[in-house]
Number of protein chains: 2
Amino acid sequence: MGEGGAQPPAAGGEALLFLTDEQLRKGIEAMFFAYRGFTADPDRILAEKNYGRAHHRALHFINRMPGTTVTNLLAILGVTKQSLNRVLRTLVADGLVDSRVGRSDRRERNLHLTEAGRALERQLSEAQRARMRAAYRAAGAEAVAGFRQVLEAMMDEDIRRQYLALRETRG
Amino acid sequence: MGEGGAQPPAAGGEALLFLTDEQLRKGIEAMFFAYRGFTADPDRILAEKNYGRAHHRALHFINRMPGTTVTNLLAILGVTKQSLNRVLRTLVADGLVDSRVGRSDRRERNLHLTEAGRALERQLSEAQRARMRAAYRAAGAEAVAGFRQVLEAMMDEDIRRQYLALRETRG
DNA sequence: CTTGGAATGTCAACAAGACTGACATAAATT
DNA sequence: AATTTATGTCAGTCTTGTTGACATTCCAAG
């Protein structure tokens, strides 16, 4: 904290953007605490079923991109294949994910959720969306737009590209 | 995905708040990807020094609340005291944190950063603030306000209280 | 004063989930 | 035929979370 500039600049071009270290620190803390809330509800459901967040993430993105390959999932999740493989192995063994040899390239595995997989994904997602919905409603439409803008600006370049590509897949 | 309502409602009271499942899912993904960016810079610094995120969190909040006790830190970080203790032990051993027996209640330990601790905290914080600053600048002042509103609404009740209490400590 | 309970902090052992490195297999490409 | 790519697996390590057991300190009731 407290490198320099404790006083806000005299409201320049970008309309009242006071970026004191304190403002930034509060943003950091808000992000930390909010992320806890963000994961709390799915975490409870996952714990009952002896899964973890890693399983949730896999289910989410397989649902979002049906037929995706392991390599692609790896890039999006940003973990090692060993780590992802451990998760996928259990999901396939438990009948939540279907891993089919690729048609055009038989080295690839195309991943799909089974009916049971979709059911769990829906349960997890609904819990998380319920909180997000409540937060959005409480904050209002303009706040939501700002929320999304800041989050996008906070992503790494290559990740933002992935995110925007995903946005276009649907709605 | 896709429980119900694919179509936005006809713009009711809260001014154009379209809460389709798809909108919510995008918010969820934005949160996931942005959090990665949020932690990426400090993570790199920590890795060099053989520390982890848990150390960063401890340094952050000890800096923020000098003289705080272990129990208080526990409540804020939301981990078990054993888990926190492991982290504190290494920070104290490495001379980054000073743990003094409480004056009024000698069961308590009052935690402070040493000069070295402040230096590392500053380094980590500056990396994280730099990204936050860039994101804030890119998104603009109104977006920042919305960002904070949504994050606050996403926190658990008791955590939000802690967060707001922290806000008042400074600026 | 003493004793018992509550609060606080520490140590030990374990699990999840990340990592690296080495290696195997199969399929596609050159 | 040789090389590259995609996937999966085994083994070992690290961080960070967990529980359980335990020591110390404080405070209040007897």
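Each chain gets a letter, A, B and so on, in the order its sequence line appears, and its residues count up from 1.
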What are the two closest non-hydrogen atoms of [X] and [Y], and how far apart are they?
X: A:Ile62; Y: A:Val97; value: CD1-CG2, 3.9 Å
X: B:Thr114; Y: B:Gly95; value: OG1-O, 2.6 Å
X: A:Gly67; Y: A:Asn110; value: O-ND2, 2.8 Å
X: B:Arg106; Y: B:Arg109; value: O-NH1, 3.4 Å

Could you tell me whether B:Gly78 contacts a base, only the sugar-phosphate backbone, or nothing, with contacts defined as non-hydrogen atoms closer than 4.0 Å?
nothing
For the CD atom of A:Glu121 and the NE2 atom of A:His55, what is their distance to the nearest 0.5 Å?
14.5 Å
Roughly how far, to the nearest 0.5 Å, is CD of B:Gln128 from CD1 of A:Ile28?
4.0 Å
B:Arg106 side-chain proximity, nearest of C:dA27, D:dT25, C:dA18
D:dT25
Between A:Asp158 and A:Arg160, does any NZ, NE, NH1 or NH2 come within less than 4.0 Å of an OD or OE carboxylate oxygen?
no
Quickly work out the B:Leu77 CG to D:dT18 P distance and round it to whole Å.
11 Å
How many Å lie between CZ on B:Arg86 and C1' on D:dT18, as a whole number?
9 Å
So, is A:Thr80 close to the C:dA18 phosphate, meaning a side-chain N or O under 4.0 Å from OP1 or OP2?
no
Close residues, residues 30-60 of chain B, relative to DNA chain C [heavy-atom separation under 4.0 Å]
none
List, one per line, each side-chain donor-acceptor pair under 3.5 Å for residues 29-47 of chain A, sequence neighbours excluded.
from: A:Glu29; atom 1: OE1; to: B:Arg64; atom 2: NE; distance (Å): 3.3
from: A:Glu29; atom 1: OE1; to: B:Arg64; atom 2: NH2; distance (Å): 3.2
from: A:Glu29; atom 1: OE2; to: B:His60; atom 2: NE2; distance (Å): 2.6
from: A:Glu29; atom 1: OE2; to: B:Arg64; atom 2: NE; distance (Å): 2.5
from: A:Arg36; atom 1: NH1; to: B:Ile76; atom 2: O; distance (Å): 3.3
from: A:Arg36; atom 1: NH1; to: B:Leu77; atom 2: O; distance (Å): 3.1
from: A:Arg36; atom 1: NH2; to: B:Ile76; atom 2: O; distance (Å): 3.4
from: A:Thr39; atom 1: OG1; to: A:Tyr35; atom 2: O; distance (Å): 3.2
from: A:Thr39; atom 1: OG1; to: A:Arg36; atom 2: O; distance (Å): 3.3
from: A:Thr39; atom 1: OG1; to: A:Arg53; atom 2: NH2; distance (Å): 3.2
from: A:Asp41; atom 1: OD1; to: A:Arg44; atom 2: NH2; distance (Å): 2.6
from: A:Asp41; atom 1: OD1; to: A:Arg131; atom 2: NH2; distance (Å): 3.1
from: A:Asp41; atom 1: OD2; to: A:Arg131; atom 2: NE; distance (Å): 2.9
from: A:Asp41; atom 1: OD2; to: A:Arg131; atom 2: NH2; distance (Å): 3.4
from: A:Asp43; atom 1: OD1; to: A:Arg53; atom 2: NE; distance (Å): 3.2
from: A:Asp43; atom 1: OD2; to: A:Arg53; atom 2: NE; distance (Å): 3.2
from: A:Asp43; atom 1: OD2; to: A:Arg53; atom 2: NH2; distance (Å): 2.9

Summary of protein contacts for nucleotides 5-11 of chain C, nucleotide by nucleotide, where a base hit scores B, a sugar-phosphate-only hit scores S (4.0 Å, heavy atoms):
-BBBBBB
